[in-house]
Amino acid sequence: QVQLVESGGGLVQAGGSLRLSCAASGRTSTNYVMAWFRQAPGKEREFVAVISARGGITNYAGSVRGRFTISRDNAKNTVYLQMNSLKPEDTAVYFCAAGPTITTVITRYDYWGQGTQVTVSS
């Protein structure tokens, strides 16, 4: 089992920045691919960003590419999502997830955190 706990969400004005953290613990969490997803009210959960186990490969949704950066510190068992130039449409609950392969497909991830709310005001 891998346990994931997100933090760092909050309220920010449009154009501002936030950094989300996802602390992992449990079964060899550093071997897993890690990803961020988000879910806005009334919408389906969607892929945001993914990073390989060693951090050498990343991928982003088109809507966040160039504004968000995913990174990981395996010594701290933590994954980060740096979010810059935030827009009101980025408002959502953000979830981190762990899985065996680099993919944007939600069902391929085995472990999920409880989520952290990000609200961007206009």
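Numbers for residues simply follow the sequence, beginning at 1.
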Legend entry - Donor-acceptor pair between S17 and N84 side chains, under 3.5 angstrom: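 There is such a pair (donor and acceptor under 3.5 Å, judged by atom type) between the side chains of S17 and N84.
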
Inset, instruction - Give the cluster check for V5 versus W36: same hydrophobic cluster or not, with ILVMFWY residues linked at side-chain heavy-atom distances below 4.5 Å. - result: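 In one cluster with V5: W36, no.
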
Inset, instruction - Please answer: with hydrophobic residues joined when any side-chain heavy atoms are less than 4.5 Å apart, are L86 and Y80 in the same cluster? - result: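 No, because L86 and Y80 fall into different hydrophobic clusters, even though each may have its own neighbours under 4.5 Å.
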
Inset, instruction - Have a look at Y94 and tell me which of Q39, R38, Q117 forms a side chain to side chain donor-acceptor pair (under 3.5 Å) with it. - result: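 Among the candidates, only R38 passes.
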
Inset, instruction - Kindly check if the number of other-residue, nucleotide or ligand heavy atoms within 6.0 Å of CZ (R108) is above 12? - result: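 No, the 6.0 Å shell around CZ holds no more than 12 heavy atoms from other groups.
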
Inset, instruction - Flag yes if more than 12 heavy atoms outside I57 fall under 6.0 Å of its CD1 atom; otherwise flag no. - result: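 No, because the 6.0 Å sphere around CD1 of I57 holds 12 heavy atoms or fewer from other groups.
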
How close do [X] and [Y] get, heavy atom to heavy atom, and via which atoms?
X	Y	result
G9	V118	CA-CG2, 4.1 Å
A92	A40	CB-N, 3.8 Å
N31	A53	O-CB, 3.6 Å
N59	T104	ND2-CG2, 4.2 Å
S21	T78	CB-CG2, 4.2 Å
V48	F68	CG1-CD2, 3.8 Å

Legend entry - Student check: side-chain heavy atoms of L20 and S7 closer than 4.5 Å: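 L20 does not reach S7 side chain to side chain.
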
Inset, instruction - Anything under 30° is parallel, anything over 60° is perpendicular, the rest tilted; go ahead and classify W112 against F37. - result: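 W112 and F37: tilted rings.
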
Do [X] side-chain atoms and [Y] backbone N/O form a donor-acceptor pair below 3.5 Å?
X	Y	value
T103	T101	no
N74	G55	no
Y32	S52	no
T91	V120	yes

Legend entry - Full working for side-chain contact (heavy atoms from CB on, under 4.5 Å) between L4 and Q114: CA-CA 8 Å; L4 304 173; Q114 82 289 349; over 6 Å; no

Inset, instruction - Using the side-chain contact (heavy atoms from CB on, under 4.5 Å) rule, take S71 and Q82 through it: C-alpha gap first, then chi angles, then the decisive distance, then the call. - result: CA-CA 8 Å; S71 62; Q82 178 67 45; over 6 Å; no

Once rounded to the nearest 0.5 Å, what's the spacing between atom [atom1] of [X] and atom [atom2] of [Y]?
X	Y	atom1	atom2	result
K87	S122	NZ	OG	14.0 Å
T69	R19	OG1	CZ	11.5 Å
C96	I70	SG	CD1	9.0 Å
L81	R72	CG	CZ	13.5 Å
T119	D90	OG1	CG	11.0 Å

Legend entry - Step-by-step side-chain contact (heavy atoms from CB on, under 4.5 Å) determination, F95 to E6: CA-CA 7 Å; F95 300 88; E6 301 97 334; 4.0 Å; yes

Inset, instruction - Could you go through the side-chain contact (heavy atoms from CB on, under 4.5 Å) check for V50 and T58 one step at a time? - result: CA-CA 6 Å; V50 62; T58 59; over 6 Å; no

